[in-house]
Amino acid sequence: MQDTKQSAEVRAQQDAEQGAQHPRGAEEVIEHFIDGRRHGGSERTAPVYNPATGQVAKQVLLASAEEVATAVEAAETALRGWRATSLAKRTAIMFKVENIIRERTPELAEIVTAEHGKVLSDAAGEIARGLENVQFCTGLMHHLKGEHLEQAATGVDVHQIRQPVGVVACITPFNFPAMVPLWMITTAIAAGNTVVLKPSERDPSASVWIAEAFAEAGLPPGVLNVVHGDKVAVDELLTNPLVKAVSFVGSTPIAQYIYETSAAHGKRVQALGGAKNHMVVMPDADLDGAADAAVSAAYGSAGERCMAISVVVAVGDTADPLIERITERVGKLTIGPGTDPASEMGPLITAQALERVNGYVAGAEAEGATVVVDGTKQEFEGDGFFTGVSLIDHVKPGMKVYDEEIFGPVLSVVRVGSYDEAVRLINSNQFANGTAVFTRDGKTAREYQFDIEVGMVGINVPIPVPIGAFSFGGWKKSLFGDTHMYGPESFNFYTRRKLVTTRWPEPSESQVNLGFPTH
């Protein structure tokens, strides 16, 4: 069984190294979507795997810089007409899109599961969270209202309006191939911008499906374009002068690169990076509830979530009984293909991800940690990219398993003696995306939300992703730029404010005055 797994990893590595030269076989080819229609012709392709089988299921086109420029030009051409489109018509399109996606959620969920590997219920949940932002955007007449001040000076009125920034590039990650695009493109389009979406080449089909849903809802050609690709495509988006703003979600090193490159080319940027989310369990907490939450938040979607809990901070004497409860629960988890209704967790997305995650577990003991549950030793039939869940105790800062974002089903336990020590631990971490505290004490909960230097906080809520009426994003190296994703802040990001000062004087009042204007 292990030999079969290794051969699958080697084959996947070879495919990745070949990359652009991977030959097209009989597999389906995933094309771009440019100017309202599917667009082929790219010379380079990359394999798209079914993670549950480890086999190449499709090929995806990899755009050249020239093809990306074509998509950007289509967006630029469509911009003038779209920004002039009434808010009433834009709102109607948002309602239609929401209805189309909601009615066909099972279809889109199957696409997500086939290419990402997550179980169908998780894929459907992802789509539902994306639809929250579509619903929020149906209120765009309220979100885009300006302000007016009468008689700011004698006979002078001032009003402020919001206008779109222009062509927007949206670069989205593999772990949420439906939700994150809906977080970005919906607000950008509602605000009057046009979009070039570059999804992950690992699971690209969902983005094309979504683009076609928007077209079916009445979105004009060129307003939403999808290009697939690698660094070649990304760099063209970051440097093309027609692109005015860039949204990104991914790892911290890439987020920093996106931010610095885009900003150097005069673009507005929001780049969300990595995470190392801590869940503090106080001595007074309901340990059964905390154990349920830790297992759900750490191992859901195989840990491939930027809001997954990857560290439990056990305060006082909570570690041993908490670990006992977590161990009991993980032994009952069902891991298998995402299409199997019995599966609670699916595979990782690639052989490379599998090798990386297993490497963290294998190296933890050498660093002084204790591997309580070693999921890497669990055996699975076939060549899929499966691993079991792992639980590691006695983890400390300085260990790779603590310091680095693993992005897999690995939960670490750090033991601390007090609440203050827990806060110091978390506040000294380079990441600050999400955190949670489990306690029955209201005073502790209030102090925690006040003391902790993290962007999103849960009180007895392990994954504190805000509802659509608020915005998503962390602090420190989890965010590059000043604006969070979706919700109210996203309308600020995708619009520019323009001030108009108006005066209607009598002709007899006109005169030359070289002084500084006053009232």
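Since the structure is predicted, the reported quantities are computational estimates derived from the model, not experimental observations.
The aromatic rings of Tyr49 and Phe385 stand perpendicular to each other, their planes meeting at an angle above 60°, with 30° marking the opposite boundary.
Contact check for Tyr257 versus Asp235: side-chain heavy atoms found under the 4.5 Å cut-off. By the 4.5 Å heavy-atom criterion applied to side chains, Glu110 and Leu120 are counted as neighbours. Side-chain atoms of Pro221 and Arg37, non-hydrogen and from C-beta on, never get closer than 4.5 Å to each other. Counting heavy atoms from C-beta on, the side chains of Ile161 and His159 come closer than 4.5 Å. You'll find the side chain of Asn433 reaches within 4.5 Å of the side chain of Cys306, heavy atoms only. Counting only heavy atoms from C-beta outward, the side chains of Glu212 and Arg38 approach each other to under 4.5 Å. When side chains are defined from C-beta on, Glu453 does not count as touching Val423, because their heavy atoms never get closer than 4.5 Å. Contact check for Arg90 versus Leu87: side-chain heavy atoms found under the 4.5 Å cut-off.
By the ring-ring contact (aromatic ring centres under 6.0 Å, His included) test, Phe214 pairs with no residue at all, sequence neighbours left out. By the ring-ring contact (aromatic ring centres under 6.0 Å, His included) test, Tyr419 pairs with no residue at all, sequence neighbours left out. Residues forming a side-chain contact (heavy atoms from CB on, under 4.5 Å) with Ala255 (at least two apart in sequence, or on another chain): Phe248, Ala271, Phe480. Residues satisfying the side-chain contact (heavy atoms from CB on, under 4.5 Å) test with Ala128, not counting sequence neighbours, are none. Partners of His39 under the ring-ring contact (aromatic ring centres under 6.0 Å, His included) rule, at least two apart in sequence or in another chain, do not exist in this structure.
The minimum heavy-atom distance linking Pro462 with Ala297 is given by the pair CB-CB, 3.7 Å. Taking both residues in full, the closest heavy atoms of Ile258 and Val246 are given as CG2-CG1, 3.9 Å, listed atom of the first, atom of the second, then distance. The shortest heavy-atom contact between Phe386 and Gly346 is CE2-C, 4.0 Å. For Gly130 against Leu182, the heavy-atom pair with the smallest separation is O-CB, 3.8 Å. The two atoms that bring Val196 and Ala75 nearest to each other are CG2-CB, 4.1 Å, heavy atoms only. For the residue pair Ala353 and Ile349, the shortest heavy atom distance occurs at CB-CG2, 4.4 Å.
In this structure, His484 has its ring center no closer than 6.0 Å to that of Phe470. Taking the six-membered ring wherever Trp is involved, the centroid distance between the rings of Phe431 and His278 does not fall below 6.0 Å.
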Query raised in the report: Going through the distances and angles, do Arg104 and Glu216 end up as a salt bridge (charged side-chain N to carboxylate O under 4.0 Å, His left out)?
Result: CA-CA 13 Å; Arg104 300 182 193 168; Glu216 183 179 339; 2.7 Å; yes
Report task. Assess whether side chain to side chain contact (heavy atoms under 4.5 Å, CB included) is satisfied between Asp441 and Met282, documenting all intermediate values. Result -> CA-CA 9 Å; Asp441 182 61; Met282 297 297 295; over 6 Å; no
Query raised in the report: After noting the C-alpha distance and the side-chain angles of Arg356 and Ile406, does the key distance pass the side chain to side chain contact (heavy atoms under 4.5 Å, CB included) rule?
Result: CA-CA 8 Å; Arg356 187 191 71 250; Ile406 298 175; 5.8 Å; no
Requested in this report: Quick one: do Asn240 and Val68 satisfy side chain to side chain contact (heavy atoms under 4.5 Å, CB included)? Show the steps, please.
Outcome: CA-CA 9 Å; Asn240 190 303; Val68 176; over 6 Å; no
Report task. Carefully, step by step, assess Thr138 and Glu98 under the rule side chain to side chain contact (heavy atoms under 4.5 Å, CB included). Result -> CA-CA 9 Å; Thr138 60; Glu98 200 254 341; 5.6 Å; no
Query raised in the report: Does the side-chain hydrogen bond (donor to acceptor under 3.5 Å, both in side chains) test come out yes or no for Asn133 and Thr187, once each step is laid out?
Result: CA-CA 8 Å; Asn133 191 53; Thr187 314; 3.1 Å; yes
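Listed for the Glu126 side chain is a donor-acceptor partner under 3.5 Å among the backbone atoms of Met179. At distances below 3.5 Å, at least one donor-acceptor pair connects side-chain atoms of Asn277 with backbone N or O atoms of Gly434. At distances below 3.5 Å, not a single donor-acceptor pair connects side-chain atoms of Glu150 with backbone N or O atoms of Asp157. Using a distance-only test at 3.5 Å, with no hydrogens or angles considered, a donor-acceptor pair links the side chain of Asn193 to the main chain of Ala188. One N or O on the side chain of Trp82 and one on the backbone of Ile189 form a donor-acceptor pair closer than 3.5 Å. The main-chain N or O of Pro337 is found under 3.5 Å from a side-chain atom of Ser343 such that the two form a donor-acceptor pair. For the pair Arg268 (side chain) and Thr495 (backbone), a donor-acceptor distance under 3.5 Å is present. Of the possible donor and acceptor atoms, one in the side chain of His228 sits under 3.5 Å from a partner among the backbone N and O of Glu31. With Lys244 contributing its side chain and Pro241 its backbone, the two residues share a donor-acceptor pair below 3.5 Å. Ser301 places no side-chain N or O within 3.5 Å of a backbone atom of Lys118 that could act as its donor or acceptor partner.
A distance of 7.5 Å separates CZ in Phe176 from NE2 in His116, rounded to the nearest 0.5 Å. Leu197 contributes atom CG, which lies 6.5 Å from atom CG of Leu224 (distance to the nearest 0.5 angstrom). A distance of 8.5 Å separates OG1 in Thr172 from CD1 in Ile210, rounded to the nearest 0.5 Å. Taking CG from Leu348 and CG from Asn175, the interatomic distance works out to 12.0 Å, rounded to the nearest 0.5 Å. Here the CD-CG distance, from Glu67 to Leu61, works out to 7.5 Å after rounding to the nearest 0.5 Å. Atom-to-atom distance recorded for Trp183:CH2 and Ser247:OG is 12.0 Å, nearest 0.5 angstrom.
For the salt bridge (charged side-chain N to carboxylate O under 4.0 Å, His left out) condition, the pairs that include at least one residue of residues 193-203, sequence neighbours left out, are Lys198-Glu201.
Looking only at atom types and distance, the side chain of Tyr486 has no donor-acceptor partner in the side chain of Thr186 under 3.5 Å away. Side-chain N/O atoms of Thr439 and Asp284 include a donor and acceptor closer than 3.5 Å.
Within 6.0 Å of the CZ atom in Phe174, the count of heavy atoms belonging to other residues, nucleotides or ligands exceeds 12. More than 12 heavy atoms of other shown residues, nucleotides or ligands fall within 6.0 angstrom of atom NZ in Lys58. A 6.0 Å sphere centred on NZ of Lys476 holds more than 12 heavy atoms belonging to other residues, nucleotides or ligands. Asn427 CG: more than 12 foreign heavy atoms inside a 6.0 Å radius. Applying the 6.0 Å contact sphere to CD of Glu107 captures more than 12 heavy atoms from other residues, nucleotides or ligands.
Across Val269, Leu238, Leu479, a single residue satisfies side chain to side chain contact (heavy atoms under 4.5 Å, CB included) together with Tyr259, and that is Val269.
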